[in-house]
Visitor: 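Before anything else, here's the structure in question.
Fair warning: this is a prediction, and the values are worked out from it, not measured in the lab.
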2 protein chains.
Amino acid sequence: MDVPDWNPRRVAAVEAALPEGVAPPGTRGRILHAGLVLFAETGFHGTSIRAIAQHVGINSATLYAHYPSKEQVLADLVLIGHREMADRLTTAVEALPADAAAQVRLAALVRAHVLLHAEFPLLATVTNGELHALEPALARPALVLRADCRRLLIEVLERGVKDGAFRVADLVLTATAIGAIGMHVASWFGPDQPATGDRVAEVYVDLALRMAGFRDAP
Amino acid sequence: MDVPDWNPRRVAAVEAALPEGVAPPGTRGRILHAGLVLFAETGFHGTSIRAIAQHVGINSATLYAHYPSKEQVLADLVLIGHREMADRLTTAVEALPADAAAQVRLAALVRAHVLLHAEFPLLATVTNGELHALEPALARPALVLRADCRRLLIEVLERGVKDGAFRVADLVLTATAIGAIGMHVASWFGPDQPATGDRVAEVYVDLALRMAGFRDAP
DNA sequence: GTCTATAGCGGGATAGAC
DNA sequence: GTCTATCCCGCTATAGAC
C-alpha cells in the first residue's frame, strides 16, 4: 500500500532552492527563502508572518524592515518563478540554429520546462499555485510572462504542423496538455523518487512529441 | 493580448455543482455548496467561517449545528470528490466487455476522467488542491481512493503493453502524465471556453492514446 | 536593522435564549 | 435550528527604544 499515513504534502521535494543570482543578499534573501518553503507547504493564507520570521530566526517585526508586507514576499517569489521560466524557455529555443526542425524545438522547450519544475519544485508550486492570492496589479507582470511562454509553445507546434512534422487535432488543447504535464512534475518530483530529472525530461519529451503527432519513421 | 487585468481566478468555471445525490438536504447541503465555491476561489485558509455563513445567508454560529468544524466541511468535499472519481472510473472500465481491447479501456478511462473535471471543476480544484489542509486522519480515505484510481490506470496501460497495443518508455511516468492532463482541465475549463466538455474529452483521449504509443494502423 | 511591546482587527468556536 | 453575544486567540502591521 503506497498511501502514506503521514500528512499529505503539497510538494514531495524538500530542498528549497531558488535559481542562482535571483535571491537578495542577507536577511532579505533568507526571508524570501523562508517564504518559499512555507508558502509551498501551507499556502499564502496558511502561512503567518510570525512563522516566516521564526523560520529565519528573526523577530516578526524585523521582517518589515525588508518587505512592506507578506503579499510582497509572495509577489517577489511569483515574479522570480515566472522570469526563470520565461528566460529558460526563450533561451532553449534561441540557442538552436534558426533552421532547427520543429521536433528539435519542441524537445528543447519541453526539456527546459520539465527540468525547471524538477529543479525548483517549491518555487513552481508557489509560482503556479499561489498566484491567485495576489492583487491583480502584483500578479500582472507574471501573467504577461506566462502568456509569452504559452505563445512560444503554440508557435513551435504551429510551425511543426505547417512543416508537416506534426499532426495535431487541436493546437491550443495540445499546447495546454503539454504545459500541464510539465507543471505537474513539481508536485511529485523529489528525492524519494527513483527517476532523475534528466530521465523524467527524456520521457516527457518523448510524450510531448507523441502528443504533437511526430513520426520519427513515417 | 490575452492577459486579463481582473483578478486571476483559480478556476475559470463559475457554476458550482456537486454530483447528484451527494449533497445533504437543507441547510447542511447549502453550507457544503458555499464551502465548495469559497474553498475553490480562495482556498481553505483563505476562507472564513463567517464568509461561508454569509454566502448561505445564515449566522456563523448556525454552521456549527450542521458541521463540527470548518475542516469537516472540507473533508466532506474532498471525500465526495474522490468518491465520484473512483466511482466513475471504475464504472467506465467495468461497463466494457471483459475482452475489450486496451485502447478501448484507456479511452473510456480518460474520457471519464476528463469529463469529470470539465463537469465539476470547482469540486476537482478543492479535492486536489486543498487536500493538504486536512489532518492525516481526515485525508486518508481520499488518498486510498486516489491510489485505487492510479492503479486502475496503470493496470490498463500494463495490459496494453503486454498485448502489444501500447508502447511506453516508462509505465509510471506515462500514467502520471495522463493523469496530469485530465486534472489540469479543472483549472481552465469553463463557460468562456469555446470547446465543449465532449470535444475536450475527445481530443484528450486521442492525446492519451498517443502517449501510450497506440498505433491505429501499425 | 533588530528588538519589545502593542494596537487593532478578524479568526474559529461556544453559551444560552428562543 | 437559528439567533445574539462573546470568549479567546492569532493575525498583520506599527511605534519607538537601542
Visitor: Which pairs, with at least one residue in residues 16-38 of chain B and sequence neighbours excluded, count as a ring pair (Phe, Tyr, Trp, His ring centres under 6.0 Å)?
Guide: none

Visitor: Applying side chain to side chain contact (heavy atoms under 4.5 Å, CB included), can you list everything that pairs with A/His66, at least two apart in sequence or on another chain?
Guide: A/Thr27, A/Arg28, A/Ile31, A/Thr62

Visitor: What donor-acceptor contacts under 3.5 angstrom involve side-chain atoms of residues 104-111 of chain B, with partners at least two apart or in another chain?
Guide:
{"unit_1": "B/Arg111", "atom_1": "NH2", "unit_2": "B/Asp198", "atom_2": "OD1", "d": "2.8"}

Visitor: Write out all pairs satisfying side-chain hydrogen bond (donor to acceptor under 3.5 Å, both in side chains) with one or both partners inside residues 44-54 of chain B, taking only residues at least two apart or from two chains.
Guide: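 Of all non-adjacent pairs touching residues 44-54 of chain B, those that pass side-chain hydrogen bond (donor to acceptor under 3.5 Å, both in side chains) are B/Thr42-B/Thr47.
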
Visitor: Considering only residues two or more places apart or on different chains, which pairs with a residue in residues 172-197 of chain B satisfy salt bridge (Lys or Arg N to Asp or Glu O under 4.0 Å)?
Guide: none

Visitor: Which pairs count as salt bridge (Lys or Arg N to Asp or Glu O under 4.0 Å) when at least one residue sits in residues 29-45 of chain A, sequence neighbours excluded?
Guide: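 The answer is A/Arg9-A/Glu41.
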
Visitor: Note down the inter-axis angle between the two ends of the helix from C/dG1-D/dC18 to C/dC18-D/dG1, five pairs each, to the nearest 10°.
Guide: 0°

Visitor: Are any protein N/O atoms closer than 3.5 Å to N/O atoms in nucleotides 7-10 of chain D? If there are, list each pair with its distance.
Guide:
none

Visitor: For DNA chain C, what residues of residues 24-43 of chain B have any heavy atom nearer than 4.0 Å?
Guide: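 Output list: empty, so none.
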
Visitor: Hey, can you pull the donor-acceptor pairs under 3.5 Å for the side chains in residues 116-127 of chain B, sequence neighbours left out?
Guide:
{"unit_1": "B/His117", "atom_1": "ND1", "unit_2": "B/His113", "atom_2": "O", "d": "2.8"}
{"unit_1": "B/Glu119", "atom_1": "OE1", "unit_2": "B/Arg88", "atom_2": "NH1", "d": "3.2"}
{"unit_1": "B/Thr125", "atom_1": "OG1", "unit_2": "B/Pro121", "atom_2": "O", "d": "2.8"}
{"unit_1": "B/Thr127", "atom_1": "OG1", "unit_2": "B/Leu123", "atom_2": "O", "d": "2.6"}

Visitor: Enumerate the residues from residues 66-74 of chain A whose closest heavy atom to DNA chain D is under 4.0 Å, giving them by residue number; use none for an empty result.
Guide: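 Under 4.0 Å from DNA chain D: A/Ser69, A/Lys70.
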
Visitor: Just the endpoints, please: which first and last nucleotides of DNA chain C, 5' to 3', lie under 4.0 Å from a heavy atom of chain B?
Guide: C/dG11 to C/dA15

